[in-house]
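So the structure is just underneath, and the comments pick up after that.
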Amino acid sequence: MGGTVDLSTRDLAQLRLKLADHLTFAPNRYGGTTYFHLEDRAGSQYFRLGYSEYVFISLLDGATTVSEALAATARILGRNALSEAHATAICSWLIRQDLVQTSGSSIRTATNRPTSKPAGSLLQSVFWTRIPLCHPDSLLKQFVPFCGWLYAPVTFVAWLLVMACAAFAVSGQWDRVVAASSGVFSSGAWYQLVIAWAFLKVFHELSHGLACRRFEGRVGAMGIVLILLAPLAYIDVSASWQLCSKWQRIIVAAAGIYMDLWITALAAILWAQTSSVVYASFLHGLVMMGIVTLIFNGNPLIRSDGYYILADILEIPNLANRSAMHLKRWCLRWLFGVHQGIPDDVSWRYYFMLGYAVAALVWRVLVCVSLVLGCTVMWQGAGLIVSLIGVFCWGFLPLGQFLSYLWHLARTNVPSLLRGLTFLTIAASVSGLLNYIPWPTAFQSPGIVEYSDLASVRACVQGFIKSIHVHDGQVVREGELLLELSSAELKLECRDLELAVDQAEAKFRVAQNSGQFGTAQVEEQNRQALARQLEEKVHQLSQLEVRAPRSGRIITRQLASRQGTFAKEGDILLEIGDEEDKEIRFSVAQRSLFAFEREQQVAVRLMDGTRFQGALKTLSPRGSDEPPHPALCAPLSGPLTVVERAATDDKQKHQKEYRFPEPRMSGTCSIPQSVSTTIHAGSIVSVSPIGSRQTIGQALFQWMSVTWKGLNAERDAL
């Protein structure tokens, strides 16, 4: 083009602007509204215009002045025509983007002159750098007649069938899947993952390009993008924005995931059939990388495949920027009372974009923190410098813009500034108080007092309970006789063995006296074996008297009713507990788990109001629907809500069992020795964390930490 013209010295209304030759327009419809996509083929840029803007811009032919084009637009559109200020802004934008020319001269402003890159661009070049390698448009055009059928409806049905077959094949060998997944990230398998990942990424990007070319879209450059020097493949299919059908645009956006799932499903089927360790390891890595790329590319919170699919399905073009703009305007409205074009009658799309903006902001913060930490770990000293740049660009630059806006309000709208500062001061004060206000002891968990180490007295031999010498709750000493068993069968076996021993001894003497020394030796061995059996039976006879293995209190209920009943070997006859060694087993709701810590002092309250403190001994991180004790269940006058468990056999039909509606955690805490002797086992208590040990802010942080660890544990388990 010709020389440069200073925009500040020209009257835009009298300029004769002409659109550049490298511009093309394509109509599209979103949500019932017609838009036009403007493509700058020279700069590989795309812009979206409304119908009114398109009519005005289309009249800029180099022979018509801006004022004449604006007048013609008014005649065509009537009251929907652009205002003079709006038209001036559009002309300025066209000039800044170098999309127009006048009389052979380009028009540039001071902002078009070469300047140094802003800090954000500099940081992007460090964390995110694109390197184009080729332009595959012509090559993909030749492949469309041979591969275009991949995106036909019939092929999609076949894809669904293959996915179902893959799921069936994998589900039938789930144990093998778990075993293979445990070593997928081992040091010896990393190269297979890299190869599988590169293989998937190449076909992923080529699938995008092939789908775009099938619908007559032009494919741009293909290359790699470096994220912290880690290479990722990319292909430019921005031309798909010009496709009139939103379903065609969705197919182009989903083509990469579609191809990933094709390859992953086929790899899963082959993996289930192969017996080769090498091939199975590679195919399993291919499946794992397919799942990883599916999660990454399907995330709608980043500008990846899932984002463009969601935007087209909801018919919300430029979803991310519009959502961020709505969130910014909403914050300005409620924080400073500044109304910036918020519609009075908002649809569901407005509220969806607000929620999307919040979710995308949280995700962006997590990604930025992860990149900074990853850069610091990977590059060490140099990474620390890059991390500082990242903190400056992602933290201090937005803070500087916010302070600049406050300065603008100080000069133009002082009441709004005071309102905003008041809200910020209140928010900062509440945040500060959270670190000083103690957490209230509202998290009460029901529990029951039990003996810490119960000694179970079992029957060493089977027999009938002949006599019981103790009663429930009696204190006994070690070695004291508890009960006696009778076994006529055992006594008969002892008498038979005694006769057999006497007979063997008589045969031994006869053989020895007659000089049959071989026979005598055999009879002696037989006698010794029978003697050993007799010794064992005599020992079993002595165990018919059951004695206390330790000192303590008899725990078993209704012990007297067991007299005359038959006891098998190994059956528990009674239990003995130490009055000075009790503990509390309690049940914790999942929402209250974060308030408890190991070795933490807890407050215990009995039903009669008695209070004391104990130390938390154990706390299970895994939930269970099994009540820690039947006495805690509501049908048995306990404090916990339970539901009846479905009976699985005849025994359970006669004896009801209960379970929690949702899993709960269990824990134990100690009881001071001085208190242990004063409370009875079976007492219902309430256990609460002592609030003075943590503030509300600390409790919230701990809750988030526990939740995050739980999610990671579930992810690792999967």
Side-chain angles (χ1 to χ4, degrees), residues 12-13 15-101 215-218 238-250 252-253 308 310-326 329 340-350 352-353:
L12 281 178
L15 286 178
R16 301 179 186 275
L17 303 179
K18 180 183 179 182
L19 294 177
D21 297 332
H22 49 76
L23 301 181
T24 57
F25 294 88
N28 272 313
R29 291 186 64 82
Y30 293 97
T33 304
T34 301
Y35 297 92
F36 285 83
H37 280 152
L38 170 61
E39 179 187 3
D40 177 13
R41 295 194 302 274
S44 297
Q45 299 184 86
Y46 295 85
F47 308 97
R48 185 174 64 89
L49 304 173
Y51 179 71
S52 301
E53 290 86 352
Y54 166 74
V55 171
F56 171 71
I57 292 177
S58 64
L59 297 175
L60 302 178
D61 55 2
T64 306
T65 63
V66 172
S67 59
E68 293 172 347
L70 183 59
T73 304
R75 289 193 298 271
I76 297 173
L77 301 178
R79 62 178 182 178
N80 294 325
L82 303 177
S83 64
E84 184 176 355
H86 194 176
T88 302
I90 292 176
C91 292
S92 300
W93 172 75
L94 291 171
I95 293 170
R96 286 195 302 271
Q97 297 295 331
D98 200 15
L99 302 178
V100 293
Q101 59 185 7
F215 299 118
E216 304 298 331
R218 185 172 55 87
S238 303
S240 62
W241 293 357
Q242 294 183 341
L243 300 177
C244 296
S245 171
K246 77 171 185 178
W247 297 110
Q248 292 179 352
R249 297 193 297 270
I250 291 174
V252 174
Y308 297 109
L310 179 65
D312 273 315
I313 289 177
L314 300 179
E315 296 187 350
I316 306 178
N318 202 12
L319 174 62
N321 291 338
R322 293 181 64 187
S323 299
M325 177 187 66
H326 284 310
R329 291 176 175 176
Q340 289 188 349
I342 299 180
D344 296 330
D345 183 20
V346 294
S347 64
W348 63 269
R349 285 185 173 85
Y350 173 77
F352 175 84
M353 286 188 283

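Computation of the quantities below employed the complete heavy-atom set of this structure, encompassing side-chain atoms and omitting hydrogens, waters and symmetry-equivalent molecules.
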Is there a side-chain contact between Leu99 and Ile57 (heavy atoms, below 4.5 Å)? no
Taking only residues two or more places apart in sequence, or in another chain, which ones meet Ala72 in a side chain to side chain contact (heavy atoms under 4.5 Å, CB included)? Leu59, Arg75
Ser52 versus Thr73, closest heavy-atom pair with distance: O-CG2, 4.5 Å
By side chain to side chain contact (heavy atoms under 4.5 Å, CB included), which residues pair with Phe215, not counting sequence neighbours? Leu243, Gln248, Ile251, Val252
Not counting sequence neighbours, which residues clear side-chain hydrogen bond (donor to acceptor under 3.5 Å, both in side chains) with Thr64? List them please. Asp61
Under the ring pair (Phe, Tyr, Trp, His ring centres under 6.0 Å) rule, collect the residues that match up with Tyr54, sequence neighbours excluded. Phe25, Phe36
Results of side chain to side chain contact (heavy atoms under 4.5 Å, CB included) for Ile250 - residues two or more places apart only: Trp247, Ile309, Asp312, Ile313
Heavy-atom pair of closest approach, residues Glu68 and Ala63: OE1-O, 4.3 Å
Spatial distance of atom CG (Leu94) from atom NZ (Lys18) [nearest 0.5 Å]: 15.0 Å
With sequence neighbours left out, what residues match Glu84 under side chain to side chain contact (heavy atoms under 4.5 Å, CB included)? Leu70, Thr88
Qualifying ring pair (Phe, Tyr, Trp, His ring centres under 6.0 Å) pairs with a residue from residues 59-94, counting only residues at least two apart or across chains: Phe47-Trp93
Applying ring pair (Phe, Tyr, Trp, His ring centres under 6.0 Å) as the test, list every pair that has at least one member in residues 56-80; sequence neighbours left out. none
